[in-house]
Engineer: 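Quick one: this structure, given as structure tokens, is what I'll be asking you about.
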Amino acid sequence: MKYIIGTRGSRLAVAQAESVRATLAQAYPEDVFELRIIKTTGDINLDKPLHEIGGKGVFVTEIEAKLLSYEIDIGVHSMKDMPVVLPDGLTLAKAWKRADPRDVLILRNAQRLEDLPQGASIGTGSRRREFQLKDLRPDLRIISIRGNIDTRIRKMEEEKLDGIVLAAAAIQRLHLKGLNICYMELAKMPCAPAQGILAMEIRESDKKLAAMLNSFYDEDAFFAAEAERGFLNEIDGGCNVPAAAFCCKLSDESEALQKIYQMHAMLASHSATKLANTLVCGTRPDILAQKAAIDIRRQIAGTVSLVGAGPGDIGLITVRGLNAVKEADCIIYDRLVPIRLLEEAKANCQFIYVGKEAHNHTLNQAEINRLLLQKSMQYSKIVRLKGGDPFVFGRGGEEALY
């Protein structure tokens with residue numbers, strides 16, 4: 001049987017895909033495994049930060065399209081680049097052994113973060129890394145850079161940056177030498193969820209291929225991936241939510257009847273005015289994810305205001321309601337809200353329409369409830385704007401309780 005493995009064309013992506021190909025070729029000599037390079041949006045659009053061009057999906061969408069069209073059989077990605085929700089018909093194989101999950105500083109002159117001069121410049125394209133570094137060293141100047149590993153190292157020299165941030169797994173997989181590398185402690189700078197873990201994406205219908213890939217599954221890496229990506233899902237972690245999570249085993253089977261894991265999670269608010277951290281323990285990845293998200297919410301959540309827009313006339317909204325609209329960072333509004341009212345919001349406010357008509361709901365009520373919670377993790381002030389009174393036929397009580 002011949003299997004085509006799809007990958008991005010960067011040196012790191014090819015090295016990762018080749019490691020998967022070589023492992024499968026050795027284990028299944030009767031089959032043929034070939035690599036195919038696929039250019040993604042993230043590879044083409046290098047002049048903007050990731051959160052401005054679509055976040056995590058920019059590195060995987062084109063590869064997923066090739067999977068769904070049966071042009072390739074396996075998509076190999078860095079799991080940290082994977083959206084939590086996959087397209088219908090696709091699934092992930094169980095995680096293989098994890099590489100070093102830490103971040104590293106590549107420094108031009110200094111030896112450690114602490115040795116950098118006041119106001120030193122550090123290059124990164126990651127908002128998570130930016131906020132974490134600024135939390136450790138508020139004086140640093142963070143410079144936005146993107147590109148493959150070689151490009152970023154070259155930019156460091158050309159632009160005379162004091163350093164750049166990369167993943168330790170990338171450095172090790174490419175066997176890079178001659179660099180001044182400072183490994184960051186996970187306790188101080190937890191990694192992106194699932195950093196250091198490869199994602200092998202396949203069609204759900206390919207049961208034989210799934211069994212072949214899952215034969216190399218690593219229990220601890222699989223648990224960590226489930227817990228860390230579960231946390232990301234709980235807090236609606238996308239390109240606008242700089243989040244970190246690192247899960248590891250605390251005990252061996254010889255020490256306890258049940259393995260215990262701990263997870264350090266971090267989340268920065270949308271405005272970067274708050275940086276919340278938590279450390280939770282448990283025996284199930286879903287429970288760890290939920291516990292971490294609950295604790296983070298307690299520290300960082302903004303305020304959701306349930307506001308009635310009045311009976312269709314902008315002049316009949318309450319003064320307090322109008323002020324809430326004007327100050328909102330995000331407005332989640334219904335079908336009967338006068339559009340003129342939305343024009344009172346500030347320029348950078350995010351608008352989300354969730355209107356309902358008979359047999360035609362943009363989102364169902366459970367999805368709206370969850371959306372309110374998710375947006376409270378991103379913004380300081382959220383308005384749930386409803387026609388009329390939010391508690392008369394408006395499900396406001398249900399939303400408030402949620």
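Just so it is clear, the model here is predicted, and its values are computed rather than measured. Throughout, numbering of the chain's residues begins at 1 and tracks the sequence.
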Engineer: Cut-off 3.5 Å, no hydrogens considered: what does the side-chain donor-acceptor table look like for residues 86-97, sequence neighbours left out?
Structural biologist:
{"from": "Trp96", "atom 1": "NE1", "to": "Leu213", "atom 2": "O", "distance (Å)": "2.9"}

Engineer: Just by modelled atom types, is the Val337 backbone N or O under 3.5 Å from a matching donor or acceptor in the Asp334 side chain?
Structural biologist: no
Engineer: Run the ring-ring contact (aromatic ring centres under 6.0 Å, His included) test against Tyr183 and tell me which residues pass, sequence neighbours left out.
Structural biologist: none
Engineer: List, one per line, each side-chain donor-acceptor pair under 3.5 Å for residues 221-228, sequence neighbours excluded.
Structural biologist:
{"from": "Glu228", "atom 1": "OE1", "to": "Arg98", "atom 2": "NH2", "distance (Å)": "3.0"}
{"from": "Glu228", "atom 1": "OE1", "to": "Ala194", "atom 2": "N", "distance (Å)": "2.6"}
{"from": "Glu228", "atom 1": "OE2", "to": "Arg98", "atom 2": "NH1", "distance (Å)": "2.9"}
{"from": "Glu228", "atom 1": "OE2", "to": "Cys247", "atom 2": "N", "distance (Å)": "2.7"}

Engineer: Applying side chain to side chain donor-acceptor pair (under 3.5 Å), can you list everything that pairs with Glu327, at least two apart in sequence or on another chain?
Structural biologist: Lys381
Engineer: Out of curiosity, Asp73 CG to Met200 CE, how far, rounded to the nearest 0.5 Å?
Structural biologist: 14.5 Å
Engineer: State, yes or no, whether a side-chain contact exists between Thr362 and Glu367 at a heavy-atom distance under 4.5 Å.
Structural biologist: no
Engineer: How far apart are the C-alpha atoms of Arg21 and Glu18, what are their side-chain angles, what is the distance that settles it, and do they pass the salt bridge (charged side-chain N to carboxylate O under 4.0 Å, His left out) test?
Structural biologist: CA-CA 5 Å; Arg21 189 207 65 77; Glu18 172 57 27; 2.9 Å; yes
Engineer: Please report the interatomic distance CG(Leu275) to CE(Met266), rounded to the nearest 0.5 Å.
Structural biologist: 5.5 Å
Engineer: Apply salt bridge (charged side-chain N to carboxylate O under 4.0 Å, His left out) to residues Arg128 and Asp103 and explain how you reach the verdict.
Structural biologist: CA-CA 11 Å; Arg128 168 189 66 85; Asp103 284 319; 2.9 Å; yes
Engineer: Taking Arg137 for the side chain and Leu116 for the main chain, is one N or O donor matched with an acceptor at less than 3.5 Å?
Structural biologist: yes
Engineer: For the side chain of Thr124 and the backbone of Val165, is there at least one donor-acceptor N/O pair under 3.5 Å apart?
Structural biologist: no
Engineer: Looking at residues at least two apart in the chain, or sitting in another chain, which of them share a side chain to side chain contact (heavy atoms under 4.5 Å, CB included) with Leu176?
Structural biologist: Arg11, Ile149, Ile153, Ile171, Leu174, Leu179
Engineer: What pairs of residues pass the salt bridge (charged side-chain N to carboxylate O under 4.0 Å, His left out) test when at least one of them lies in residues 287-297, not counting sequence neighbours?
Structural biologist: Glu234-Arg297
